[in-house]
Structure formats: C-alpha cells, structure tokens
Amino acid sequence: MESRAGISKQDIREQIWDYMESQNLADFPRPVHHRIPNFKGASHAAEHFPRLQAFKMARTIKVNPDAPQKNARFFVLESKKTLLVPTPRLRTGLFNRITPPPGATKDMLRKCATSEGVKNYSVPVGLDSRVLVDLVVVGSVAVSEKGWRLGKGEGYADLEYAMMVSMGAVSQETPVVTIVHDCQVIDIPEALLEDHDLTVDYILTPTRVIATGCERPKPTGITWSKISCEMMRKIPVLRSLHYREKQRGKDVTLQDEHQRLLETCSQQTAPPSAVRRPWNPPQLEPSSVQGEDVPSNTVYVGNLPWDTRVSELKRALRERGTAPLRLTWQGPQHRAFLHYRDPASAQQAISCLQGLRLGTSTLRVALARQQRASDLAGDGAREATS
C-alpha cells in the first residue's frame, strides 16, 4: 500500500484498518479498527521468527500480548527461552514471565502462549529483577521498510520500551521485531515520527523478512513531560520508576505539573493534543509573566501554521544548524520557545532562522523577552489574528 501526501498518523491507521476490513484480511476479533490487527496468515508470518539470528542468540525475549504474535510466543517457549509478556495496559506491573508446568507438551506450550495461558501460567517480574531482554517483539498497525512504526495510537508499546530502558533491561543495540500482514508495510513520512516513537529492526510478513537497517535512535528513556498524572494513577510501576529517577536527580516533571500553578492534577484532564506537547514552563504563560522574567537565552518562534507538527519544526531547526537544548511547544497558540545554552547562542539562532518558512507562513523569530514586551504593548494580539 502507498500513503498519501500530507497524511497524519491516524490517517495511516484508518487507511490500514479500512483496507483490511474491506479485503477480509483479518481474523477474530473484528472489526480491526483501534486494534493491532489479527491478520490472516499471522501464524505463517511468525514462522520466520525462530530463523532469525537475533532469535537464535537471544535468551530472554519480550513479546507483546496481541493475538497475531501468539505463534511467536509459542516459538519462544518451545525453544526453552525466557518469555516475558507485558501486562495489559501495564495496570499490574511492567511484564510477566511465562512459566509452563514441568514437562509441558507442545499443546500445553501453545496454550501457555494464548492470552488465557499468559494469565494462568505467569509470574510478575519486578523492577529489581535486573532482567536483561535480548529481543523485543511489538505489534504494529503500520510499518515502513525503513523501520518507522505506528501502533494503534495509545502509546503503550513505546512506553513499555521506554520503561525497559529506564530499568536497564534494553539498550540501543537490542533488536526490535514486528510481525504484520504485507498490506501493513507502507511508506510512512519520517516527519511524523517523534523522539518517543519506537522503531523496528526486522519486519516479518507471510511472504517476507525485511531487515530495515534503521539507524534512527530508539527512545532513551521515559519522557516524563508526556506523562499525565492520570497515567501515573493508573500505572503503579510508572510511579515507582518516577520515584527512582527523581532520586537520581533527573527532571521528572509531569505533563500536568507544567500547567498553571493554580490547577491540580485532580481538577484537570489533559486534552489529547497535550499528550504530544513537550513541557510548557509556567514562566512562559502569557497571563502570568512579565517581560523581564523571560530568560535572555530563550527564542520566540511565532506565526506557526495551525497544522504544524513539532517534528516539522525540529527538522527545520536541524537543517539550519540551530537545534536548541530544549523546545517548548505551544502549537494551539501558533508558537514555540527555543531554549539555548546562553544569550550568544540564542542571538546566533535568531540570525540563522530569519526568513524561515513552514508551509506558506514565514515564521516570526525574536528573543522571547523582546517578544513579550511587544505582546504587552498589544502586538501579540495582531499576530494571533494574522
């Protein structure tokens, strides 16, 4: 399948789901919308799995619990390797180790590989287990031959991987495999990818084994600024990792904690778009900040088109050699703030970014301090209507 120009992640998901339904390419459960599709031929595609050198070398393999990966789970157990399966929605932990009964037959191993078997023949793996995962298998809705991957949109596979990084269970060298129908292999624009998106090294289909050669870095840990208090409430293991990383001195400020100081986690529900926005520091809120309080190493970028993605701006900054230490995204306000090491770096970035265009809009670039003073004089209101 081919993707259309100007497409979004959700557009691609809907395109795949619609096609699989219209062509009757899926097994139970149906419809496939909002699921990792259980495609016809999934068991055949998984037969490539034990032939991979990465599989042969692995001792501990984590496989997602979705139906199309059932045969992959069976092959791990049949090969007497350690099988780890994430708990559904991470509610009771990160993952469980499947422990078949002594002397289990092949039929029993197949039962252990089902969702029911995962429930009945598993023990939880704690954060202190010091487990090392040698190979990771994830489900996908769509994947490109370059290794770009889209899940069903809830972000659990990305979060699971980030959590494994945080607990030292995986590294950048840990191979990632996905098993999909041939129609799920589709061009995905790299501009759609964000830093927290997991990429894959091998794609297994009923007809092919694709080694992607993907060189894009995988997530290096949990991006706490994308984690809401609601997610923390629902996922106990996430709270434990949050505490540990805080003790190590990492910035673990949550998404909700960067909202206005008078709001609390119990009073707010972050809108869906907020999940995709990095930290919005309180000191940059226009309703509460005086111009002189804005750091002189912060650059204001305004007049962003309404449909601009943060990945598009990041790409443009990299192309001009002005990537900041940190980027604060305020897309609904058509602006972003770039945080540099010092005022000299900020001034150099302003010079390099003059005349930068995204779509049909020429971006407005200035020191945030100067822009704030202009806003107080009424200029900001004109920009908002332009």
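When every heavy atom of K40 is checked against every heavy atom of H181, the shortest pair comes out as O-CD2, 3.7 Å. Heavy-atom minimum distance, L317 versus P324: CD1-CD, 3.8 Å.
Here H242 contributes atom NE2 and I235 contributes atom CD1; the two are 13.0 Å apart, rounded to the nearest 0.5 Å. Here C183 contributes atom SG and M20 contributes atom CE; the two are 4.5 Å apart, rounded to the nearest 0.5 Å. Between the CG atom in L338 and the CG atom in L313 there is a gap of 6.5 Å [rounded to 0.5 Å].
Checked options R309, K314, R315; the residue passing with E312 is R309 (criterion: salt bridge (charged side-chain N to carboxylate O under 4.0 Å, His left out)). Partner of D158 under the salt bridge (charged side-chain N to carboxylate O under 4.0 Å, His left out) criterion, chosen from K152, R149, K226: R149.
The side-chain contact (heavy atoms from CB on, under 4.5 Å) check on E215 picks up nothing, with sequence neighbours excluded. When the ring pair (Phe, Tyr, Trp, His ring centres under 6.0 Å) test is applied to W17, the partners found at least two apart in sequence or on another chain are H33, H34.
In this model, a donor atom of one side chain and an acceptor atom of the other lie less than 3.5 Å apart for R13 and Q10. A donor and an acceptor atom, one from each side chain of R357 and N303, are nowhere located under 3.5 Å apart. With 3.5 Å as the limit, one finds no donor-acceptor pair spanning the side chains of S144 and D187. A donor-acceptor contact under 3.5 angstrom links the side chains of T253 and D251, judged on distance only.
With a 6.0 Å cutoff to the six-membered ring centre and a 45° limit on the axis angle, K111 does not count as a cation-pi contact of Y121.
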Output a table of donor-acceptor pairs, distance under 3.5 Å, between side-chain atoms of residues 165-177 and any protein atom two or more places apart or on a different chain; print 'none' if there are none.
unit_1, atom_1, unit_2, atom_2, d
S166, OG, A162, O, 3.1
S166, OG, E245, OE2, 2.9
S171, OG, E173, N, 3.3
S171, OG, E173, OE1, 3.3
Q172, OE1, K218, N, 2.9
Q172, NE2, K218, O, 2.8
T174, OG1, S171, N, 3.0
T174, OG1, S171, O, 3.3

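Contact check on E145 versus R208 returns a salt bridge, with a Lys/Arg side-chain nitrogen under 4.0 Å from an Asp/Glu carboxylate oxygen.
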### Task
Start with the C-alpha distance between F49 and F75, add both sets of side-chain angles, then the distance that settles ring-ring contact (aromatic ring centres under 6.0 Å, His included), and finish with yes or no.
CA-CA 8 Å; F49 189 42; F75 286 131; 7.5 Å; no

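Counting heavy atoms from C-beta on, the side chains of V85 and N64 never come closer than 4.5 Å.
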